[in-house]
J.: 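Once you've had a glance at the structure underneath, I'll fire off some questions.
Each ligand, and each atom within it, is numbered from 1 in the order the structure gives.
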Amino acid sequence: MSEAVSLEMKEIAQRLEAANLAYHRDDAPEIDDAEYDALKARLLELEAQHPDLKDADTPTEKVGAPLAAGFGKITHKVPMLSLGNAFEEDDVSRFIAQIRAVSRDAMLTAEPKIDGLSLALRYESGALVSAATRGDGAVGEDVTANARTITDIPQRLTGAPEVLEVRGEVFMSHDDFEALNARAAKNGTKSFANPRNAAAGSMRQLDASITAERKLSFFAYAWGDMSEPLAATQSESIARLAELGFRVNPLMRRTQPVAEAGKSLVTQLTDYHEEVALARAELGYDIDGIVYKVDDIATQIALGFRSTTPRWAVAHKFAAERAWTRLEAIEIQVGRTGVLSPVARLTPITVGGVVVSNATLHNLDYIAGRDSAGNPIRGGNDLRVGDRVEIYRAGDVIPKVGSVDLDARPGDAAPFVFPSICPECASPTVRDGSSLRCTGGLACPAQGKERLKHLVSREAFDIDGFGDTMVDTFWGDDALPVRQPVDIFTLPARDAELARNEAPGENRALATRSGWGPSSANKLFSGIEAARSVPLDRMIFGLGIRHIGSTTASLVARTFLDWESFFAAATAVAEGSVSEAARFRAVDGIGDAVIGALRETFMPGPEREAIEAMAAQLDIQSLEAPSTKDSTVAGLTVVFTGTLTQMTRSEAKKQAESLGAKVAGSVSKNTDILIAGPGAGSKADKAAALGVKVIDEAAWLEMIA
Ligand code: IVH
């Protein structure tokens with residue numbers, strides 16, 4: 001046991017040491033921050049559990065890394081330390097509890113943690129005499145010449161203590177980073193992976209004139225050696241630094257006493273954390289968390305330090321929104337209309353505080369590294385099983401694959417080949433735009449199930465008690481299978497048949513099955529009975545014909561009014577009737593795609609049979625023909641334009657149609673009346689030019705009253 005633990009600790013220590021060198025000395029990180037933090041947290045945990053196994057030279061007690069050659073050395077008079085991390089609210093609570101043990105009413109400051117590199121600036125008699133990087137915390141590199149090129153760093157101070165060492169962060173703004181990389185691209189030189197690397201790389205130039213060309217920024221947030229204190233509190237000291245001419249972060253806040261704020265200290269801090277996290281993208285520079293510090297400096301001193309981190313401050317990190325993980329498999333899901341959707345199965349990873357193990361891969365082109373227009377995405381690199389991929393969560397919750405690390409691609413990784421047959425039913429697949437589609441139709445179990453789910457959904461049949469779970473349950477039921485739409489409506493009769501035959505075991509009628517009972521069975525059956533009577537528009541939508549959504553379905557229903565007319569017209573379209581197709585095309589939003597889908601659905605074959613079988617079980621309600629007897633506008637073609645005040649445009653349209661008027665979208669010589677509200681534009685001009693009658697909303701309402 002302890003041997004295994006010792007081995008794990010050694011391995012983690014080695015990885016951390018390697019990562020430290022890559023990050024601090026070479027400005028070329030090998031693992032991302034989240035991975036580094038996770039490794040470090042694990043080693044700290046093991047060291048706490050097994051203090052006997054802790055290495056005297058452990059990386060958990062070191063900051064930074066040994067120095068790169070080429071720079072002079074500067075020994076820090078006051079060591080440059082690191083900050084402990086907090087990830088969860090619990091960590092923040094523990095931090096606060098430790099402070100409270102020393103000072104009951106301690107106030108804290110909160111400020112962004114800048115993702116750059118720390119710098120110590122030494123001023124003597126007001127003059128900048130040296131600038132040093134953190135190095136290993138005890139000895140840093142002398143980068144004085146480079147620091148002098150940074151405009152945020154004053155060369156002279158007036159009114160400062162005789163000796164003053166100001167500490168802060170050198171960073172590169174997003175704008176300056178992009179400009180730098182754009183120049184690099186133009187000159188054919190190496191670009192930087194992120195602003196932090198760019199800042200560090202620029203600071204470590206042996207030739208200061210190169211640093212001067214790169215625009216670097218500096219925020220002051222701390223101090224080291226001093227001949228006299230700046231102030232009695234953190235916040236006043238920072239204000240003093242601002243007065244002396246340093247740039248300080250404008251987002252720094254101080255907590256308030258609990259009674260004044262109306263919320264606990266922890267809540268005040270975590271609220272601020274959340275607020276800044278939301279504003280993060282707009283800051284224009286990278287931050288990776290919030291730093292909380294005890295405001296009162298006497299309390300800071302009383303709290304003191306652990307080996308490398310203060311007890312009076314902590315870095316509350318942001319959950320990483322991007323993370324690298326392995327693409328373990330690409331699975332294909334078949335949807336209602338037969339589209340094959342590839343899904344990435346990932347080695348689980350935390351992204352933005354949520355564990356992610358799947359991501360959508362959209363379609364064929366996306367995996368191949370191009371968008372639907374054929375333009376390269378991810379630099380044109382394809383995705384292969386075994387790849388190391390970067391996962392990110394954009395504004396929405398659905399995780400996406402950002403980039404792929406070609407250097408980490410296994411030698412045997414092969415381009416992903418889309419199946420030429422459907423993985424669910426083995427029917428051939430056909431290309432449809434950027435996707436592939438299964439041609440199995442209802443014979444494909446995946447399509448069959450998804451279509452049933454669509455049929456019973458809220459906007460379609462909306463069957464009480466028969467939702468997605470029931471579709472899954474009855475699909476595999478041996479005695480009462482539901483695999484076709486009609487099966488839903490024959491379910492009560494088939495169940496009654498089972499009851500009469502007293503079928504054995506799990507093949508019994510629902511009322512006698514475990515988990516069911518008479519009342520739940522009856523409830524289900526009455527839901528199904530009620531759904532038999534269905535309005536024509538819901539019926540048409542429920543068929544799940546491609547490209548016919550609920551809006552188009554109700555327009556179609558209003559055109560054909562009853563099931564028989566609709567079915568006859570759709571059948572005629574499938575048989576090639578141009579005139580019947582024209583009736584469909586007259587419906588707003590119907591074009592070639594819908595006509596093609598109608599043909600596929602209503603040509604002789606299983607789809608059409610399934611529809612007929614279901615229809616025979618139903619009482620499909622016709623829509624009322626518009627009552628035009630007393631209507632003054634029956635048969636007129638009208639157009640609405642501008643703003644309506646009494647009702648919405650779609651309500652007005654419905655009402656006009658119910659009175660037998662035809663509502664068109666544009667003005668032509670066939671238009672009888674244009675109803676123009678305020679803001680009517682070109683349509684009113686056109687109507688005037690064509691001599692079409694133009695009235696306002698009030699006149700229209702009067703006309704139809
Ligand atoms: S205070 C005793 N404040 O984070 C340590 N550090 O992980 C005092 N950092 O070495 C540091 N923004 O390079 C402090 N607002 C901020 C910071 C900040 C970035 C860096 C700094 C430090 C590292 C600790």
J.: Specify whether Phe171 and Tyr285 have parallel, tilted or perpendicular ring planes, treating 30° as the upper limit for parallel and 60° as the lower limit for perpendicular.
T.: tilted

J.: For residues 151-166, which residue pairs pass the salt bridge (Lys or Arg N to Asp or Glu O under 4.0 Å) check, not counting sequence neighbours?
T.: Asp152-Arg247, Glu165-Arg167

J.: Report yes if the distance between the aromatic ring centroids of Tyr123 and Phe246 is under 6.0 Å, otherwise no.
T.: yes

J.: How would you list, by chain and number, every residue that makes a side-chain hydrogen bond (donor to acceptor under 3.5 Å, both in side chains) with Thr267, sequence neighbours excluded?
T.: Ser264

J.: Which pairs count as ring-ring contact (aromatic ring centres under 6.0 Å, His included) when at least one residue sits in residues 220-240, sequence neighbours excluded?
T.: none

J.: Show me, by chain and number, every protein residue that has a heavy-atom distance under 4.0 Å to ligand 1.
T.: Leu81, Ser82, Leu83, Glu111, Pro112, Lys113, Ile114, Ser118, Arg134, Glu169, Tyr221, Val291, Lys293, Pro310

J.: Relative to each other, are the rings of His316 and His273 parallel, tilted or perpendicular (30° and 60° limits)?
T.: parallel

